[in-house]
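Notes follow the structure.
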Amino acid sequence: MDTTTTQSTSIPGTQREQLFGALRTANLAFQKTYPGDRSERQPVHTVYGGANLFKSDLARAMGERALETFQTYAPDAATFGKVFGLKSERLAGDVYNKVLRKLQTEAVEDFRIDFEDGYGNRANEEEDATAVQAALEAAKGIEAGTLPPFIGIRIKPFTEEMKERGLRTLDLFVSTLVKASGGKLPNNFVVMLPKVTIPEQPATLAAFFDILESELGLAAGSLKMEMMVETTQSIMAADGTNPLWRFVQAAKGRCIAMHFGTYDYTASAGITARYQEMDHPVCDFAHHMTKVALAHTGIWLSDGATNTMPIGPHRGDLTEAQKEENRAVVHRSWKKGYDHIRHSLWNGFYQGWDLNPAQLPMRYTAVFAFFLESYDDAVERLKTFVEKAARATLIGDVFDDAATGQGLLNFFLKALNSGAITEEEVLRTGLTLDEIRGRSFKKILENRARK
């Protein structure tokens, strides 16, 4: 029975309207604020690099370096499995092959041309020149088809000291890019605003987007932003409330993501350098506060980066002892980053930062292993649950209810999005791709019940 159209015959129409009029308005407003997760692809990572180093083919070059590192320090599945402590030879082989294929075909999913921490404070003339040159390289990448699927720039914060510099760099970059590309922006282009502390900062950026779009002939709303959670004030404002949703509202529909800045945030919380790690409890608190504030709003969430680089200390013609020391350094750093990424995934953050091509193997290893090690069990549980049409089902010692059914569906959505599994592997659940992409377990069951 469709309860959305069922009416009680004992309540006259005018009274029904009095009862439900205000409720309907409130329900629709709630649904607008919390529409649920977006259906489009979310990258599993964002790579950052100084704007002065950006080239149109940087994604290809980074992919080659990542693949070289992978093949040097994980030459086979057995070595690979030991480095990351994977649970079985089968899992190690499956993940190894998927990581190898990913590095060969699309090592960089998302890149930020960085004018903030990765670039530093330089003379105005130098940053002006860098903004123009980086924009010309981006235009060249559009023409050649060499840019990654997602790309953007990080400008300086809109603090009182940096607002003029941040706005000028953005103006120079976007204006130069649009003119050089014949009116085009790269696919999935975004502007990152760091160190947001008050709603007026994203509001100012959104207002400037309006001006740029008008002056450059861009479609209204084509410029998007993301913000960085990297101060304690972005988690709790002076009035004791979480301000993140106010930041999103101030962006006037242009904010698509929130990224966590591990090292700025831990410094803001008074954590000393030695303990500024992604899995520190103060980071977990910030993650949970961000998740609670923005869950079901459609805003993507991203964790930060591990700053221990998997780069050996020795170069050139090496002795066996030096090669072994390099291997130990890389493997230790890979495993540390792997554990950090797994911690993020466990907390429901499916995207994070990478700072160097040598980190990309650990990124994809962590993501793919996270999903693949649970794949067979999740297939059986979801398939059985759907077949029994939402009746509570006991499989082994795991009890599934309707909320768990949605959680299982989310597992396959995230796994498919990340590249950990293929569309063919999703179909083993007995669901269709349309049902998977519909993102609602409740609707799947309702539609099947009508058939």
Side-chain angles (χ1 to χ4, degrees), residues 34-48 84 95 98-99 102 106-112 148-152 188 190 192 224 226-229 244 248 255-262 265 278-279 283-284 286-306 337-355 359-375 378 382 404 406-423 425-426 436-437 439-441:
Y34 299 103
D37 294 337
R38 305 209 308 273
S39 59
E40 60 262 41
R41 174 189 178 187
Q42 179 182 5
V44 302
H45 75 153
T46 300
V47 184
Y48 283 73
F84 294 104
V95 176
K98 285 180 179 286
V99 172
K102 181 67 174 178
E106 190 187 69
V108 177
E109 292 191 359
D110 189 16
F111 188 84
R112 281 306 159 275
F150 300 81
I151 194 168
N188 301 304
V190 68
M192 173 172 280
K224 302 296 184 183
E226 57 193 10
M227 302 179 219
M228 296 202 65
V229 177
L244 291 177
V248 172
C255 179
I256 62 170
M258 287 281 182
H259 290 239
F260 184 67
T262 304
Y265 185 85
M278 286 176 62
D279 55 359
C283 296
D284 286 344
H287 293 151
H288 299 329
M289 290 288 285
T290 301
K291 194 81 165 175
V292 170
L294 299 178
H296 310 297
T297 62
I299 302 297
W300 286 340
L301 304 181
S302 174
D303 206 346
T306 299
Y338 171 90
D339 290 341
H340 282 169
I341 296 165
R342 290 292 301 251
H343 185 80
S344 299
L345 292 164
W346 182 72
N347 275 318
F349 280 69
Y350 298 97
Q351 183 178 353
W353 294 7
D354 293 312
L355 306 175
Q359 293 182 306
L360 300 184
M362 75 187 190
R363 167 67 57 186
Y364 294 116
T365 300
V367 172
F368 294 166
F370 178 81
F371 290 109
L372 288 177
E373 66 189 19
S374 303
Y375 168 73
L382 184 57
T404 302
Q406 183 64 48
L408 287 166
L409 180 61
N410 291 341
F411 170 89
F412 286 100
L413 286 166
K414 296 295 185 183
L416 182 62
N417 170 76
S418 74
I421 63 175
T422 64
E423 291 184 347
E425 288 169 322
V426 175
I436 290 285
R437 289 168 178 159
R439 312 186 74 86
S440 171
F441 186 73

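This is a predicted model, so every value here is computed, not measured.
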With sequence neighbours left out, the residues meeting side-chain contact (heavy atoms from CB on, under 4.5 Å) with I256 are R38, V190, K224

Taking all non-hydrogen atoms of both residues, which atom of [X] and which atom of [Y] are closest, and how far apart?
X: A369; Y: Y338; answer: CB-OH, 3.9 Å
X: V108; Y: P148; answer: O-CB, 3.5 Å
X: G419; Y: F368; answer: C-CE2, 3.7 Å
X: L294; Y: M258; answer: CD1-CG, 3.4 Å
X: T262; Y: G304; answer: OG1-CA, 3.5 Å

Would you find a donor on one side and an acceptor on the other, under 3.5 Å apart, between the side chain of [X] and the backbone of [Y]?
X: Q359; Y: T306; answer: yes
X: Y364; Y: A107; answer: yes
X: Y375; Y: I421; answer: no
X: Q42; Y: L301; answer: yes

Pair I341-H45, side chain to side chain contact (heavy atoms under 4.5 Å, CB included): steps then yes or no:
CA-CA 10 Å; I341 296 165; H45 75 153; over 6 Å; no

Reported [atom1]-to-[atom2] distance for the pair [X] and [Y], which is rounded to 0.5 angstrom:
X: L345; Y: Q351; atom1: CG; atom2: CD; answer: 11.5 Å
X: F412; Y: S374; atom1: CZ; atom2: OG; answer: 9.5 Å
X: L416; Y: F411; atom1: CG; atom2: CZ; answer: 11.0 Å
X: L360; Y: E106; atom1: CG; atom2: CD; answer: 11.5 Å
X: D37; Y: N410; atom1: CG; atom2: CG; answer: 6.5 Å
X: W300; Y: Y350; atom1: CH2; atom2: OH; answer: 15.0 Å

Sorted by chain and residue number, the salt bridge (charged side-chain N to carboxylate O under 4.0 Å, His left out) partners of E109 (sequence neighbours excluded) come out as R41, K102

Before giving the answer on side chain to side chain contact (heavy atoms under 4.5 Å, CB included), spell out for E40 and N188 the whole-Å C-alpha distance, their side-chain angles and the decisive distance to 0.1 Å.
CA-CA 11 Å; E40 60 262 41; N188 301 304; over 6 Å; no

Regarding H343 and D284, do their side chains bring together a donor and an acceptor under 3.5 Å, going by distance alone?
yes

Considering only heavy atoms from C-beta outward, does the side chain of [X] approach that of [Y] to under 4.5 Å?
X: T46; Y: M192; value: no
X: V248; Y: T297; value: no
X: F441; Y: L408; value: no

With Y48 via ring-ring contact (aromatic ring centres under 6.0 Å, His included) - residues at least two apart
W353

Residues in ring-ring contact (aromatic ring centres under 6.0 Å, His included) contact with F260, at least two apart in sequence or another chain:
Y265, H287

Which residue pairs pass the salt bridge (charged side-chain N to carboxylate O under 4.0 Å, His left out) test with at least one member in residues 341-354, sequence neighbours excluded?
R342-E373, D354-R363

Residues pairing under salt bridge (charged side-chain N to carboxylate O under 4.0 Å, His left out) where one sits in residues 406-423, two or more places apart or in two chains, turn out to be E423-R437

Using the side chain to side chain contact (heavy atoms under 4.5 Å, CB included) rule, take I436 and L413 through it: C-alpha gap first, then chi angles, then the decisive distance, then the call.
CA-CA 7 Å; I436 290 285; L413 286 166; 3.6 Å; yes

Using the rule given for side chain to side chain contact (heavy atoms under 4.5 Å, CB included), can you reason through V367 versus F371, listing the C-alpha separation, both sets of side-chain angles and the distance that settles it, and then say yes or no?
CA-CA 7 Å; V367 172; F371 290 109; 4.1 Å; yes

